[in-house]
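This is a predicted model, so every value here is computed, not measured. For reference, positions follow the sequence shown, starting with 1.
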Amino acid sequence: EFRRVLFRSVRLCIAGEGPLREQLGAQIAARDLSGNVTLLGNVHAVEKLLAAADLFVSSSRFEGFPNVLAEAMAIGCSVVSFEYNYGPRELITHGVDGLLVPPGDYEALAQAMCALIRDCGLREGLGRAAQVSSRRYEIGVVASAWRRVLEGAPTY
């Protein structure tokens, strides 16, 4: 639903593929939003796309560990996601390093996006905090944690 989140200067890029692509393309055309909304399809150079973004939104209906959300945070994007028991809630502390909204509440998702679009200070602050908090998933940190687990494992 684009009615509340698009402003004249905002460009929405949707990455990925799915069975609703044609329907989404038709909605974009019907609302004359092709100047603001681009369907990118599958993106292989995600880091370049994220580096150019001011805001990353995860509207997935379910997630395990959302790698792309962690990547967006590591680059310093401010992030908005549906809150699930696993994944986004493990990565994001609401209001500290991103925003979480109730699962399936598209109105709340749109409101969170609008808040970050309107408030540059909030958006940049959350992005900086996201970058710092994402460091707990850097390869050295994770490798050290695995080493401690494996060193404590019984040998047979």
- Atom of V101, atom of A108 and distance for their closest heavy-atom approach: CG1-O, 3.6 Å
- Message: Tell me whether R61 contacts the main-chain N or O of G104 through its side chain, where contact means a donor paired with an acceptor under 3.5 Å.
- Response: no
- Message: I'd like to know if V79 and L109 are part of one continuous hydrophobic network [Ile/Leu/Val/Met/Phe/Trp/Tyr, side-chain heavy atoms within less than 4.5 Å].
- Response: no
- Item | Note, V68 side chain near S58 side chain (heavy atom, < 4.5 Å) | no
- Within-4.5 Å side-chain heavy-atom neighbours: L99 and M113: no
- Message: Side-chain heavy atoms nearer than 4.5 Å, only ILVMFWY residues, links allowed to pass through others: does that put L91 and L126 together?
- Response: no
- Count the heavy atoms of every other residue, nucleotide or ligand shown that sit under 6.0 Å from CD1 of I139, and state whether that count exceeds 12. no
- With sequence neighbours excluded, tell me which residues meet side chain to side chain donor-acceptor pair (under 3.5 Å) with E83. R89
- Report yes if some heavy atom in the side chain of S59 is under 4.5 Å from a heavy atom in the side chain of F82; otherwise report no. yes
- Message: Can you tell me how far apart CD (E151) and OG (S144) are? Round to the nearest 0.5 Å.
- Response: 9.5 Å
- Same apolar cluster: V142 and L69, side chain cutoff 4.5 Å: no
- Item | Over all atoms of both residues, closest heavy-atom pair of G87 and P66 | CA-CD, 3.5 Å
- Under a 4.5 Å cut-off applied to non-hydrogen side-chain atoms, are L50 and E71 in contact? yes
- Message: To the nearest 0.5 Å, what is the distance between SG on C120 and CZ on R118?
- Response: 14.5 Å
- Within the distance-only criterion (no hydrogens, no angle test), does the side chain of N36 pair as donor or acceptor with the backbone N or O of L12 below 3.5 angstrom? no
- Message: Applying side chain to side chain contact (heavy atoms under 4.5 Å, CB included) to I14 and T38, what does each step give before you reach the verdict?
- Response: CA-CA 6 Å; I14 301 174; T38 303; over 6 Å; no
- Between atom CD1 of I28 and atom CG of L33, what is the distance when rounded to the nearest 0.5 Å? 7.0 Å
- Message: Measuring from atom CD of Q27 to atom CD of Q23, what distance do you get when rounded to the nearest 0.5 angstrom?
- Response: 5.5 Å
- Query: Who pairs with R136 by salt bridge (Lys or Arg N to Asp or Glu O under 4.0 Å), at least two apart in sequence or on another chain?
  - Reply: none
- Query: What pairs with E17 under salt bridge (Lys or Arg N to Asp or Glu O under 4.0 Å), at least two apart in sequence or on another chain?
  - Reply: R21
- Item | hydrophobic_cluster_shared for V57 and Y106, side chain cutoff 4.5 Å | yes
- S60: partners by side chain to side chain donor-acceptor pair (under 3.5 Å), with sequence neighbours left out: E63
- Note on the structure: Closest non-hydrogen atoms of V80 and A112, given as atom of the first, atom of the second and distance, are CG1-CB, 3.8 Å
- Can any side-chain N or O of D97 pair as donor or acceptor with the backbone N or O of T93 at less than 3.5 Å? yes
- Query: When clusters are formed by joining ILVMFWY residues with side-chain heavy atoms under 4.5 Å apart, either directly or through shared neighbours, do L24 and V37 land in the same one?
  - Reply: yes
- F56 and I75: CA distance, side-chain angles, deciding distance, side chain to side chain contact (heavy atoms under 4.5 Å, CB included) verdict: CA-CA 11 Å; F56 177 84; I75 285 177; over 6 Å; no
- Message: For G35, is there any backbone N or O sitting under 3.5 Å from a side-chain donor or acceptor partner on R11?
- Response: yes
- Task: List the atom of A70, the atom of S134, and the distance in Å for their closest heavy-atom pair.
- Result: O-CB, 4.3 Å
- Tell me, which pairs form a ring pair (Phe, Tyr, Trp, His ring centres under 6.0 Å) where one or both residues lie in residues 83-104, sequence neighbours left out? none
- Are the side chains of M73 and S133 in touch, meaning some heavy atoms are under 4.5 Å apart? yes
- Return yes when atom CG of D32 has more than 12 non-hydrogen atoms of other residues, nucleotides or ligands closer than 6.0 Å, and no otherwise. no
- Message: Suppose we screen for side chain to side chain contact (heavy atoms under 4.5 Å, CB included). Which residues come up paired with V43, at least two apart in sequence or across chains?
- Response: A15, L40, V46, L49
- State, yes or no, whether a side-chain contact exists between D54 and C77 at a heavy-atom distance under 4.5 Å. no
